[in-house]
Amino acid sequence: MAAPLSDAPLSPFKTIAVVGLGTMGTGITEVLARAGREVVGIDVNEAATAHAVAALEAATAHAVRRGRLTEQERTDALARVRTSTDLTAAADADLVIEVAPESYEIKHQIFRELDGIVRPDTILATGTNALSVTRLAADSARPERVLGLHFFNPAPAMKLVEVVSSVLTAPAAVAAVTDLALELGKEPVAVGDRPGFVADGLLFGYLNQAAAMYEAKYASREDIDAAMRLGCGLPMGPLALLDLIGIDTARTVLEAMYAESHDRLHAPAPILKQLSEAGLTGRKTGRGFYSYETPGSATVVRDALTPAEGAGLTPGRPVRSVGVAGSGTMASGIAEVFAKAGYEVVLAARSEEKAQVAKSRISTSLSRSVDRGRMTAEAAAQTLERITPAGSYDSFADVDLAVEAVAEDLEVKQQLFATLDKVCKPGAVLATTTSSLPVVACARATSRPQDVIGMHFFNPAPAMKLVEVVRTVLTGPDVQSTVHEVCVKIKKHAVDCGDRAGFIVNALLFPYLNNAIKMVEEHYASLDDIDAAMKLGGGYPMGPFELLDVVGLDVSLAIEKVLHREFRDPGLAPAPLLEHLVAAGCLGRKTGRGFREYARR
């Protein structure tokens, strides 16, 4: 029977054993050694221990060259590391961190052997990101000393560490490991035991949906990745990230998540199984969703799926003048974008006064650009001169492209398209900026559905580089080509997708946000911990609750409802907490309160 855990603070971890010297284990060893801990690196494979030593030598030499370590500090850090192929080398460790392959059998064997090797007061931590910490603890002779310590790759660079407690874990063990993480310069987040924990629990559902989207041939791998990088500010697209993580690893994590949640969003997309079983697991093998220069390389090379520049696109229609319908922020931003690119723009609203207000908003925006040195005063004046405000859509009679940016209401948009059908000349392209409504419903309101296309800009339009080009089953190929050519001229990155709810970005973003809300509903983690986990562990520019409050909870709920209605997946049903907050008028920053409270301006 294990000795009872006292309430007294645990002694500092002077000696730490790391079991498993793959990429993660080697990275954790480097972090510990540089922080002054004695480290015993253990791996049953002698080649792995040799590779780990070589990797440590290279990493610390690089740190010296970058001025992050002195030569003496490097020498001292390397001297604190010793390696072994025998688990008994962990006998004197105060803490053991296991980062062996994601297999219950392997991890269970390691923990069972450690029970007979380490001291009764030694804490045993598993680095798993997919398996049950509780199950591993229950199999141990001292379950109160077992917890999860989930670092993120690369461990020396990533700040987040998830400290995972089971119902058996002693609070003193959690406190001691949390203190260690802080001493290592990391930001620990306390979470409970469920597959994926916080960061991976949210991240892998999103990655899985992206894989399924690609598998359905809804969009190309390049367009899916570009959409999420440019539309959400993510450092990598989801398919490139799956290749980096390892498609086999992602599949393992998703299998574990699905076994617990039975949520179809976590059921691994079949393409993950197919690629894994074919040995195409990503960068490490040289091929996954993309092809790479060599196994382990980050350099993507062309393959049979790489699109040729301009391939398959028919010539577009000439566009010299553009009509923008609407008077809100999006309409103003789109008009500014076109005018900056040299197009003559008619900015039409329901009244001359509203159109003038919209033009004044553009004038203010251009003045800010001049003040910040982004354009000259002369260029700003010329841009403003190209914009003609109008109080009637009759002013669109001669435009080559009409872009509507009115209220996100299908009836309103259909009425507008019926009007555009009457006033716009034959051959004019008619585009909707809708983010959630069916483009084909707008097209059917006209007598020329072949001329109608979705052109979804992101807010603020002058700053955001992405445009989702949404073709319907009726859209003419030359219309799609026209929009691509226009996007090049206005310096936007166009991605192609079909006419279904959410297109690319919202279809992948909002289920992730909804799942974050469900975590809070279930009291699994706090708002702050979830936001921190996704910024530090996933590289997101904003945490999900920061983003929800910026977007607006009412807008988010409306998009969630559209996605749920279109795909009929129970996992996409809006979280009740989101519905309650919207019903209470807590809509985010714009009302001063959403998931958090904000100071009134």
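By the neighbour-count criterion of 12 heavy atoms within 6.0 Å, atom CG of Asp398 is sparsely surrounded, having that number or fewer from other residues, nucleotides or ligands. Within 6.0 Å of the CD atom in Gln450, the count of heavy atoms belonging to other residues, nucleotides or ligands exceeds 12. Counting non-hydrogen atoms of other residues, nucleotides and ligands closer than 6.0 Å to CZ of Arg444 gives a total of 12 or fewer. Counting non-hydrogen atoms of neighbouring residues, nucleotides and ligands closer than 6.0 angstrom, the NZ atom of Lys422 reaches no more than 12 such neighbours.
At least one test fails for Arg596 against the ring of Phe545: distance under 6.0 Å to the centre or angle within 45° of the axis.
The pair Glu485-Lys489 fails the salt-bridge criterion, with no side-chain N (NZ, NE, NH1 or NH2) lying under 4.0 Å from an Asp/Glu carboxylate O. Ion pairing between Lys425 and Asp400 holds under the 4.0 Å rule for side-chain N and carboxylate O. Between Arg221 and Asp303 there is a salt bridge, with a side-chain nitrogen of the basic residue lying less than 4.0 Å from a carboxylate oxygen of the acidic one. Taking a cutoff of 4.0 Å between a charged side-chain nitrogen and a carboxylate oxygen, Lys535 and Glu546 qualify as a salt bridge.
With Gln414 contributing its side chain and Ala441 its backbone, the two residues share a donor-acceptor pair below 3.5 Å. Counting only distance, with no hydrogens or angles, the side chain of Thr419 and the backbone of Gln415 share a donor-acceptor pair below 3.5 Å. For the pair Asn153 (side chain) and Thr23 (backbone), a donor-acceptor distance under 3.5 Å is absent. In this structure, Glu404 contributes its side chain and Lys413 its backbone to no donor-acceptor pair below 3.5 Å. Between the side chain of Asp499 and the backbone N or O of Val470, no donor-acceptor pair lies under 3.5 Å. Remark: the backbone N or O of Leu203 is not paired with any side-chain donor or acceptor of Asp200 at under 3.5 angstrom. In this structure a side-chain-to-backbone donor-acceptor pair under 3.5 Å is present from Arg471 to Cys497. Checking side-chain atoms of Lys492 against main-chain N and O of Ala461 turns up a donor-acceptor pair under 3.5 Å. A donor-acceptor contact shorter than 3.5 Å is absent between the side chain of Lys359 and the backbone of Lys354. In this structure, the side chain of Glu408 engages the main chain of Ser435 through a donor-acceptor pair within 3.5 Å.
Here CE of Met236 is found 8.5 Å from CD1 of Ile245. Values are rounded to the nearest 0.5 Å. The distance from the CZ atom of Phe510 to the OH atom of Tyr206 is 13.5 Å, given to the nearest 0.5 Å. In this structure, Leu234 CG and Met228 CE are separated by 5.5 Å, a value rounded to the nearest 0.5 Å. With values rounded to the nearest 0.5 angstrom, Phe289 atom CZ is found 5.5 Å from Leu242 atom CG. If you take CG on Leu508 and CG on Leu513, they are separated by 11.0 Å, rounding to the nearest 0.5 Å. To the nearest 0.5 Å, atoms CZ (Phe417) and CG (Asp451) are separated by 11.0 Å.
In this structure, the ring of Tyr540 has its center less than 6.0 angstrom from the ring center of Tyr512.
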Show your reasoning for whether side-chain hydrogen bond (donor to acceptor under 3.5 Å, both in side chains) applies to Thr472 and Thr475.
-> CA-CA 5 Å; Thr472 76; Thr475 303; 3.1 Å; yes
Let me see the working for Met519 and Leu202 under side chain to side chain contact (heavy atoms under 4.5 Å, CB included), right down to the final yes or no.
-> CA-CA 9 Å; Met519 278 189 176; Leu202 293 176; 3.8 Å; yes
Verdict with reasoning, Lys561 to Glu579, per side chain to side chain contact (heavy atoms under 4.5 Å, CB included) | CA-CA 10 Å; Lys561 286 181 175 179; Glu579 295 185 300; 4.0 Å; yes
Could you check Leu474 against Val452 for side chain to side chain contact (heavy atoms under 4.5 Å, CB included), going step by step and ending with a plain yes or no?
-> CA-CA 8 Å; Leu474 303 173; Val452 178; over 6 Å; no
Check against side-chain hydrogen bond (donor to acceptor under 3.5 Å, both in side chains), Ser447 and Asp421 | CA-CA 7 Å; Ser447 63; Asp421 187 33; 3.0 Å; yes
Would you please test His456 and Asn506 for side-chain hydrogen bond (donor to acceptor under 3.5 Å, both in side chains) and show each step?
-> CA-CA 11 Å; His456 180 214; Asn506 286 349; 5.0 Å; no
Could you check Arg374 against Ser369 for side-chain hydrogen bond (donor to acceptor under 3.5 Å, both in side chains), going step by step and ending with a plain yes or no?
-> CA-CA 5 Å; Arg374 294 174 180 166; Ser369 294; 5.3 Å; no
Apply side chain to side chain contact (heavy atoms under 4.5 Å, CB included) to the pair Leu280 and Ile247, showing each step before the final yes or no.
-> CA-CA 8 Å; Leu280 307 178; Ile247 292 166; 5.9 Å; no
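Side-chain contact between Pro235 and Arg229: absent, with no pair of heavy atoms (C-beta onward) separated by less than 4.5 Å. At least one side-chain heavy atom of Leu563 sits under 4.5 Å from a side-chain heavy atom of Pro511. A 4.5 Å side-chain heavy-atom check between Lys186 and Leu160 finds every atom pair outside the cut-off. For the pair Leu265 and Asn515, the minimum side-chain heavy-atom distance is below 4.5 Å. Taking 4.5 Å as the limit, some side-chain heavy atom of Val403 sits within range of a side-chain heavy atom of Phe338. Using a 4.5 Å cut-off on side-chain heavy atoms (C-beta onward), Val198 and Glu162 make contact. Between His564 and Pro574, the closest side-chain pair of non-hydrogen atoms falls below 4.5 Å. With a 4.5 Å cut-off on side-chain heavy atoms, Leu207 and Leu241 count as touching.
Considering all non-hydrogen atoms of both residues, Leu420 and Arg448 come closest at O-NH2, 3.5 Å. The heavy-atom pair separating Cys586 from Leu553 by the smallest distance is O-CD2, 3.3 Å. Across all non-hydrogen atoms, the minimal contact from Val370 to Ala380 is CG2-CB, 3.6 Å. Residues Ala525 and Ile530 share a closest heavy-atom pair of CB-CG1, 3.8 Å. Nearest approach of Val551 to Ser556, heavy atoms of both residues: CG1-OG, 3.7 Å. Heavy-atom minimum distance, Ala405 versus Thr433: CA-OG1, 3.4 Å.
Relative orientation of the Phe396 and Tyr393 rings is tilted, given thresholds of 30° and 60° on the angle between their planes.
Asp225 and Tyr290 share a donor-acceptor pair across their side chains, judged by distance under 3.5 Å alone.
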